[in-house]
Amino acid sequence: MKRFIIIIFIFQGIISSAQNAIDVYPTHWWAGMKNTKLQLLIRSTANITSDKLAFQSSSADVKVVKIHKPENRHYLIIDLDIASSAKPQQVKFSFGGIIRNEWKSFLFQLKARSAANGTTRVQGVTSQDLVYLLLPDRFSNGDPSNDRFSDLRDTEADRNNPFLRHGGDLQGIIDHLDYFNELGVTALWLNPVLENNQTLTDEGGTKRSAYHGYAFTDHYNVDKRLGGNSAYIKLIVEAHKKGLKVIQDAVYNHVGNQHFLFTDPPSKDWFTQWPSYQNTSYKDQPLVDKYASAIDRRITLDGWFTPFLPDLDAKNSYVSNYLIQHSVWTTEEFGIDGWRVDTYFYNDLDFMNRCNKELYREFPKITIFGETWIHSVTNQAYFSENNLTVPWKSNLQGVTDFQWHFSLNASLNENFSWDGGVNKLYSVLAQDILYKDPMRNVIFLDNHDLDRYYSVIGENISKFKMGIALLLTQRGIPQLYYGTEILMKNLKNPSDAEVRRDFPGGFPGDAVNKFSSAGRTAQENDAFNYVKTFANFRKSSSAVRSGRFMQYLPEDGVYVYFRYDNTETVMCVFNQNEGPKTIALSRFSERIKDYTKAFDVATGTTFNLEPNLTLGGKYVLVMKLSR
Ligand SMILES: [Ca+2]
Ligand SMILES: [Ca+2]
């Protein structure tokens, strides 16, 4: 009797599943991947598995290695091995069969890999580049027809509300590719583009949308409010044609709480488990600290980022496979040139190494840098490839260099002292010995999570230029935040939305268009042209793009450093004092050698080097030396 009941239950499950679509992740794959293993996650909204179930492949090239049946019967997880000799083909997978002779099947494409990986796509991003970070919802609305959809959970779009979506999209970015070329940008980093089909959240009484993109609900679809996968492919193809690379923002640590993986998980251990809600401490130190307690480490790693962002448990191999395959799939499918990894240290770090390794293996030129919003050079080095002797070693190429950022602000806003002002910048760079390759760190004046640079420096145009000159001549991969070049301002008060305002001119009906010089004020044009001058100088200068770095101890508020290679020497003199300073060049003869002339990048003039050099207060003089 008991056996009979079970059979009826399975029978009903199969009948109902016949009316439900089957979703397969990854949605397709490629022949000729270096990793011949693939793990399919198969899902239906009805039961599709039973105690006895067969799974078959129509292709001799694609072998079914193992069938996993998670506790949630909506899922099947299948291990495949794809022959390295397999040609592109369509494979028919069938499953069912043993209890009743009823079979379900689906087609699965093995596509041809792009031959252009490493040349015109998946190029990697280096210190040769200038990265421009933008928030797609806030940059430009190129397609008002996709601003809202009635079949999504959040149906609102309202430019007057800082917490709702504003309608910006990928077409808006495509429409402004010439703007990036004019400015001298060579790579775009977009805040996340994947679907965020989340309801509005109530945070402190205000309704908030996931306009920022960090709450994924589908790893295989770009949000249709941004234009979907087709617009993303179009953007990347058009950007590549114009010499612009594209960096995607990855989030492995969490998903939106309306992702099907959370609302209908294959098994509960896909997410970190706590007896009651546990937030992360947001502290990285327990991961680096050899004296740390196990519970502190666990709270950092497994505590949730917010109650709306369930923490994925990548110690579970099904989860790590799902995430890694998603990142490989995305890179091959779209041809992105680099990855920025959100909330890097909150992830299981062995998982992160495995994920990075898999991307490096399939795409040898890919660039990956991690967000490390932390407070020491040592800790930043710990999370990237480093020269430390520690039990666990990271294989991450570079980090978002917050220590450079903090010390840059100190150089502009603090008085000079034994260890203050520009001494902080000098000191941060003097610790580069800890990194395997500090040129892979991303340096920046501001980003979507920080007060806008122009406000931080008190809306002082002299300081603005000093920071730009440093950003574009110091070591690392420089990154601008959208609007910094036109002096967009604001502090994160009362909220992050203040530093994520719409780019003026990017939206239909805007009163002014700051994409064109005619729409900018004289001061905004001054700022824009300064960025453009240094970005284009950087393009022309091998020493600045990839040369060596030498810095001298700051003295009396003046900091001198050089970028140089076998063909060029660039000398930079930073004066943080209010008034002018005169320095004797004899101190720098080790690098100045027999150079007698200096090309002043900011003014485009050339002058003769004299024994003493005088420069104005709050000024950076960048000079290309010649004989
Ligand atoms: Ca739109
Ligand atoms: Ca975590």
Side-chain angles (χ1 to χ4, degrees), residues 134-150 152 154-159 164-176 190 193 195-196 209 211 213-216 222-228 230-232 234-235 250-257 259 261-262 269-274 277-284 286-287 295-316 319-320 322-323 341-353 355 370-374 383 502-503 505-510:
L134 63 85
L135 187 54
D137 182 61
R138 301 294 160 94
F139 186 68
S140 176
N141 187 357
D143 181 3
S145 76
N146 64 16
D147 293 358
R148 53 173 78 79
F149 290 91
S150 58
L152 294 178
D154 162 16
T155 59
E156 299 195 45
D158 180 0
R159 287 188 65 202
L164 297 181
R165 289 173 183 271
H166 290 185
D169 51 38
L170 300 175
Q171 184 59 48
I173 302 169
I174 295 167
D175 293 342
H176 293 97
L190 280 52
V193 296
E195 182 193 274
N196 275 219
S209 69
Y211 70 90
Y214 288 94
F216 297 169
V222 171
D223 202 294
K224 61 183 178 178
R225 286 163 290 207
L226 299 180
S230 60
Y232 195 46
K234 182 181 173 196
L235 165 65
V251 188
Y252 302 120
N253 182 61
H254 47 256
V255 291
N257 61 356
H259 196 301
L261 287 174
F262 184 68
D269 58 4
W270 274 56
F271 295 88
T272 55
Q273 301 292 310
W274 296 93
Y277 179 75
Q278 176 65 55
N279 211 97
T280 178
S281 59
Y282 305 113
K283 292 280 193 183
D284 65 302
L287 307 180
I295 186 62
D296 280 354
R297 288 177 61 90
R298 184 159 174 248
I299 288 173
T300 294
L301 289 167
D302 291 352
W304 289 23
F305 202 74
T306 76
F308 311 114
L309 298 172
D311 200 68
L312 282 161
D313 192 350
K315 295 186 292 300
N316 176 332
V319 175
S320 60
Y322 185 85
L323 294 172
V341 182
D342 184 59
T343 50
Y344 194 81
F345 69 79
Y346 300 85
N347 291 282
D348 180 74
L349 294 173
D350 289 329
F351 154 73
M352 281 312 325
N353 270 0
C355 186
E371 180 201 23
T372 47
W373 190 353
I374 54 182
F383 295 112
D502 299 346
F503 193 107
F507 292 72
D510 276 356

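Start at 1 and go down the list; that is how both ligands and their atoms are numbered.
Here Asn141 reaches the Ca ion (ligand 1): one of its N/O/S atoms is less than 3.0 Å from the metal. Taking 3.0 Å as the threshold, Ala314 does not count as a candidate ligand of the Ca ion (ligand 2), since none of its N, O or S atoms lies below it. Taking 3.0 Å as the threshold, Asp302 does not count as a candidate ligand of the Ca ion (ligand 2), since none of its N, O or S atoms lies below it. The Ca ion (ligand 1) has an N, O or S atom of Asn146 inside 3.0 Å of it. When distances to the Ca ion (ligand 1) are checked against a cut-off of 3.0 Å, Gly167 contributes an N, O or S atom below that limit. Coordination check, Asn253 versus the Ca ion (ligand 2): passed, since an N/O/S atom of the residue sits under 3.0 Å. Put simply, Thr280 stays out of reach of the Ca ion (ligand 2), with no N, O or S atom under 3.0 Å from it.
A side-chain hydrogen bond (donor to acceptor under 3.5 Å, both in side chains) with Lys315 holds for exactly one of Asp302, Asp350, Thr272; it is Asp302.
When distances from the Ca ion (ligand 1) to the N, O or S atoms of Asp169 are compared, OD2 comes out shortest.
Around the Ca ion (ligand 2), the two atoms O of Leu301 and OD1 of Asp311 are separated by an angle of 120°, to 10 degrees. For Asp147 atom OD1 and Asp143 atom O, the angle they make at the Ca ion (ligand 1) is roughly 90°, to 10 degrees.
A salt bridge is absent between Arg159 and Asp147: the closest approach of a Lys/Arg side-chain nitrogen to an acidic carboxylate oxygen does not fall below 4.0 angstrom.
Residue Lys283 places its NZ atom among 12 or fewer non-hydrogen atoms of other residues, nucleotides or ligands, all under 6.0 Å distant.
Counting heavy atoms from C-beta on, the side chains of Phe149 and Thr155 never come closer than 4.5 Å. Using a 4.5 Å heavy-atom threshold, the side chains of Met352 and Tyr344 count as touching.
Summarising the geometry of Thr300 relative to Pro286, their closest heavy-atom pair is OG1-CG, 3.7 Å, with the distance given to 0.1 Å.
Less than 6.0 angstrom separates the ring centroid of Phe305 from the ring centroid of Tyr282.
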